[in-house]
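Working notes, structure below.
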Protein chains: 2
Amino acid sequence: MTDLMRLFTRAHKLLRAATDEAMSRYGVRVGQNLVLEVLWEQDGLTPGELAERLGVATPTIVKSASRMATAGLVERRRDPTDGRLVRIHLTEHARSVQQDIARARADLAAHAFATLTAAERKHLESALVKIIDRMQSPAG
Amino acid sequence: MTDLMRLFTRAHKLLRAATDEAMSRYGVRVGQNLVLEVLWEQDGLTPGELAERLGVATPTIVKSASRMATAGLVERRRDPTDGRLVRIHLTEHARSVQQDIARARADLAAHAFATLTAAERKHLESALVKIIDRMQSPAG
DNA sequence: CGACTATCGATAGTCGGCTAACGAAAGGAC
DNA sequence: GTCCTTTCGTTAGCCGACTATCGATAGTCG
């Protein structure tokens, strides 16, 4: 049963590496693309909101956003009405690569799951959901 | 199809976090337990050999081994016949927690996959293998 | 024997995840 | 109107993964 775990880890690592490589061509790293996905949907979110939507800790977003700001993908702006909040906004450049990144993402998923039949994908999805539910339940 | 990817990431994260928590009770972190697994099987391997068996880059092992040495889990010894090689040996303490770690690992896997039927586990395994094969193939 | 090459571990620096602790701002209670 | 608490983002530091580079040692070839 632990072999299943090993397979899981191995597959995840390969997928992540391939994603990173595909995105890197557009100057976006694998973690950054997740932030962009959310901001493309709704710009000007706070680090806390981003963290919550991505299921990640706030400092992860803060660090990532700093690198993304350096890379010219986002800008930090103080909320005018609440001085505690910081709003993260996309730059023109981030908007310009949206289609490329979305396509890269879709192509990669299509490639990764290409050898699975529709039924197998359903099975995989339901298995993943079951595992997630199981691990999220209070009993841990 | 990218939802499948998201589910994958989410499940992996939950599994990893739970594993780390379970191991940490015995002073072993999630990455270190992988190194121990290999060394319990064959002690005195070099960083390069460990890296190859775990499918990981050598510096990852070097850093991990340093932390494990600090934690009293392993010792570095220079190979007597080839001065380039370093051999990593388990300490008595590392051997003493072997059963605990192995059990924790097995318990966690059992728990994670408890809500899957035998057939579903088979499906999951074959899907993972297909994905791994696909991502490893030259076409990338 | 001596120089060149290959091999190997270690180091530096990046990325992305975490927890713990801190500091600034907002809001409530009195 | 002042404290006190809550709510934020940030910082610091750990873990684990990577690439690129360096330094030391082995091995080979002339």
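If you're wondering where the values come from, they're calculated on a predicted model, not measured in any experiment.
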Only one of B:D43, B:D79, B:D82 clears salt bridge (Lys or Arg N to Asp or Glu O under 4.0 Å) with B:R87; which?
-> B:D79
Flag the pair [X] and [Y] as a salt bridge only when some basic side-chain nitrogen lies within less than 4.0 angstrom of an acidic carboxylate oxygen.
{"X": "A:R53", "Y": "A:E41", "result": "no"}
{"X": "A:R6", "Y": "A:D3", "result": "no"}
{"X": "A:K130", "Y": "A:D133", "result": "no"}

DNA chain C: 5'-proximal contact among A:N33 and A:P80 (nearest heavy atom) = A:N33
Between [X] ([atom1]) and [N] ([atom2]), how many Å, whole number?
{"X": "B:K63", "N": "D:dT19", "atom1": "NZ", "atom2": "P", "answer": "13 Å"}
{"X": "A:D79", "N": "D:dT10", "atom1": "CG", "atom2": "P", "answer": "13 Å"}
{"X": "B:L54", "N": "D:dC15", "atom1": "CG", "atom2": "P", "answer": "18 Å"}
{"X": "A:D20", "N": "C:dC15", "atom1": "CG", "atom2": "C1'", "answer": "8 Å"}
{"X": "A:M23", "N": "C:dG16", "atom1": "CE", "atom2": "C1'", "answer": "15 Å"}
{"X": "A:L45", "N": "D:dC8", "atom1": "CG", "atom2": "C1'", "answer": "15 Å"}
{"X": "A:L50", "N": "C:dG16", "atom1": "CG", "atom2": "C1'", "answer": "15 Å"}
{"X": "A:R16", "N": "C:dG16", "atom1": "CZ", "atom2": "C1'", "answer": "6 Å"}

Side-chain donor or acceptor of B:K13 under 3.5 Å from a matching atom on the base of C:dG17?
-> no
Say you draw a straight line from CD1 of A:I131 to CZ of A:R134; how long is it, rounded to the nearest 0.5 Å?
-> 11.0 Å
Determine the stems involving DNA chain D; a stem requires 3 or more consecutive pairs of the Watson-Crick or G-U wobble kind, each with both distances below 3.5 Å, and the answer is none if no such run exists.
-> C:1-30 with D:1-30
Looking at B:L90 and B:A94, what are the two nearest heavy atoms and their distance?
-> CD2-CB, 3.8 Å
Is a side-chain N or O of A:R10 found less than 3.5 angstrom from the main chain of B:I132, in a donor-acceptor match?
-> no
Hey, is the side chain of [X] poking within less than 4.0 Å of OP1 or OP2 on [N], counting only N and O atoms?
{"X": "B:Q32", "N": "D:dG16", "result": "yes"}
{"X": "A:R67", "N": "C:dG16", "result": "yes"}
{"X": "B:T60", "N": "D:dC18", "result": "yes"}

Check residues 58-73 of chain A and write down every donor-acceptor pair under 3.5 Å in which the side-chain atom is one partner and the other belongs to a residue at least two apart or another chain.
residue, atom, partner, partner atom, Å
A:S66, OG, A:V62, O, 3.0
A:S66, OG, A:R76, NH2, 2.9
A:T70, OG1, A:S66, O, 3.0

Among D:dG13, D:dG16, D:dA17, the one nearest B:V56 by side-chain distance | D:dA17
Side-chain contact, heavy-atom cut-off 4.5 Å: A:M135 with B:L15?
-> yes
Identify all pairs in which a protein N or O lies below 3.5 Å from an N or O of nucleotides 7-10 of chain C, and state each distance.
residue, atom, partner, partner atom, Å
C:dG9, OP1, B:T46, OG1, 3.4
C:dG9, OP1, B:P47, N, 3.4
C:dG9, OP2, B:G48, N, 3.2
C:dA10, OP1, B:R76, NE, 3.1

